[in-house]
Amino acid sequence: MEDETFTDISGKAISLDCQNHSSLCREFVVSVPKVSIGKVMVYTCCVWLLAYAVFFFTENTAVLSSAIFITLVGMMLHIHFVKVDHETLLVIGSLGIQLSSSYASGRETTTFIEIGKIKDIVINEAIYMHQIIYYLCVLLKDPSEPNAVSRVVPLFQSSKPRLNCLMKVYKSCQEILSKC
């Protein structure tokens, strides 16, 4: 088991944990830093101070109540649906690929792609906010035409690792898929 530190496309630190379960089975976990309690407190204080300023001039208590309610609901929704703690790619040579995302709330989503549906795993490039980024994706075979690609499934969508991290995962995936 090895754990390396890389950065995402924004320059924030992420870590890649590679685990060899066997010669045909590897697991890659890309982890991002946990939610910063300092940032949450600053955001909450700013919203509540703004609400208090509006309350001070309007003397309407509904402003304070709604600000508290909206802030709490917004934070819960962000933690449950947006903030991903880590993303996992499990490559099993004879079976397929499993993609998992674990959110800050504890919620997990998992997708499995059978080996027979996989055409290839590639590193693709895209234009994102005036810069070119690279992302790892799985090309799925078109059932009606064997040489065509029916769908592209991007990997590590939330963590957005840089090319050096993607290359490490890519080479390892290609090594496993070449043995099948």
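All heavy atoms count here, side chains included; hydrogens, waters and symmetry mates do not.
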Taking it one step at a time, do E125 and I133 satisfy side chain to side chain contact (heavy atoms under 4.5 Å, CB included)?
-> CA-CA 6 Å; E125 61 186 14; I133 64 166; over 6 Å; no

Indicate yes or no: at least one non-hydrogen side-chain atom of V32 is less than 4.5 angstrom from one of D8.
-> no

Donor-acceptor pair, side chain of D120 and main chain of V122, under 3.5 angstrom | no

Roughly how far, to the nearest 0.5 Å, is the CD atom of Q19 from the OG1 atom of T88?
-> 9.0 Å

Answer yes if F56 and V54 sit in the same cluster of Ile, Leu, Val, Met, Phe, Trp and Tyr residues linked by side chain heavy atoms under 4.5 Å apart, and no otherwise.
-> no

S172 side chain to K168 backbone, donor-acceptor under 3.5 Å = no

K171, NZ atom: more than 12 neighbouring heavy atoms under 6.0 Å | no

Crowded around K117 NZ? As in, over 12 foreign heavy atoms under 6.0 Å?
-> no

Taking all non-hydrogen atoms of both residues, which atom of V63 and which atom of F55 are closest, and how far apart?
-> CG1-N, 4.3 Å

Report the distance from atom OH of Y135 to atom CD of Q157, rounding to the nearest 0.5 Å.
-> 9.5 Å

Is Y134 atom OH crowded by more than 12 heavy atoms from other residues, nucleotides or ligands, each under 6.0 Å away?
-> no

For R151, look at atom CZ and say whether over 12 heavy atoms of other residues, nucleotides or ligands are found less than 6.0 Å away.
-> no

Chi angles and distances behind the side chain to side chain contact (heavy atoms under 4.5 Å, CB included) call for T109, Y103 = CA-CA 8 Å; T109 59; Y103 293 83; 4.0 Å; yes

Where do C25 and I92 come nearest, in terms of heavy atoms and distance?
-> SG-CG1, 3.8 Å

Please tell me if the side chains of S159 and F156 come closer than 4.5 Å, counting only heavy atoms from C-beta onward.
-> yes

Side-chain (Q174) to main-chain (I121) donor-acceptor, under 3.5 angstrom | yes

How long is the span from the CZ atom in R107 to the OG atom in S101, to the nearest 0.5 Å?
-> 8.5 Å

Examine L139 and L99 and state if one hydrophobic cluster contains both, with Ile, Leu, Val, Met, Phe, Trp and Tyr joined whenever side-chain heavy atoms are less than 4.5 Å apart.
-> no

With side chains defined as the heavy atoms from C-beta onward, is the minimum distance between F28 and L90 less than 4.5 Å?
-> no

Can you find a pair of side-chain heavy atoms, one from H21 and one from R26, that are under 4.5 Å apart?
-> no

Evaluate the side chain to side chain contact (heavy atoms under 4.5 Å, CB included) criterion for residues V30 and H86: first the C-alpha distance (whole Å), next the side-chain angles of each, then the deciding distance (0.1 Å), finally the verdict.
-> CA-CA 5 Å; V30 176; H86 62 272; over 6 Å; no

For the pair V138 and L140, evaluate side chain to side chain contact (heavy atoms under 4.5 Å, CB included) and give the outcome as yes or no after the intermediate values.
-> CA-CA 6 Å; V138 179; L140 300 181; 3.9 Å; yes

Nearest 0.5 Å, what's the OG-CG distance between S31 and D17?
-> 7.0 Å

Quick check: does any side chain N or O of S22 sit under 3.5 Å from a backbone N or O of L24, one acting as donor and the other as acceptor?
-> yes

When rounded to the nearest 0.5 Å, the distance separating CZ of F112 from OG of S100 is 11.0 Å

Do T71 and Y43 touch side chain to side chain, with heavy atoms closer than 4.5 Å?
-> yes

With hydrophobic residues grouped by side-chain heavy-atom distances under 4.5 Å, do I113 and L155 end up in a single group?
-> yes

Can you see which heavy atom on R162 is nearest to which on I9, and at what distance?
-> NH2-O, 3.5 Å

Main-chain N/O of S158 paired to E87 side chain as donor or acceptor, under 3.5 Å = yes

Do any N or O atoms from the side chain of S178 and from the backbone of E175 form a donor-acceptor pair under 3.5 angstrom?
-> yes

Over 12 foreign heavy atoms within 6.0 Å of CD, Q131 = yes

Taken to the nearest 0.5 Å, the spacing of C18 SG from N20 CG works out to 8.0 Å

According to a 4.5 Å side-chain heavy-atom criterion applied to Ile, Leu, Val, Met, Phe, Trp and Tyr, with indirect links allowed, do I14 and L136 form part of one hydrophobic cluster?
-> yes

Closest non-hydrogen atom pair between K141 and I118, with its separation = CE-O, 3.3 Å

Going by atom types alone, do E145 and N147 pair a side-chain donor with an acceptor below 3.5 Å?
-> no

I115 vs L177 side-chain heavy atoms within contact, under 4.5 Å = yes

Report yes or no: do L163 and F6 belong to one cluster of Ile/Leu/Val/Met/Phe/Trp/Tyr joined by side chain heavy-atom distances under 4.5 Å?
-> yes

When you look at CZ of F81, are more than 12 heavy atoms from neighbouring residues, nucleotides or ligands closer to it than 6.0 Å?
-> yes

Would you say S23 and K179 make side-chain contact, with heavy atoms under 4.5 Å?
-> yes

Establish, from distance only, whether the side-chain atoms of H80 and S105 form a donor-acceptor pair under 3.5 Å.
-> yes

So which heavy atom on P154 is nearest to which on V152, and how close?
-> CD-O, 3.5 Å

For atom OH of Y52, is the number of surrounding heavy atoms from other residues, nucleotides or ligands below 6.0 Å larger than 12?
-> no

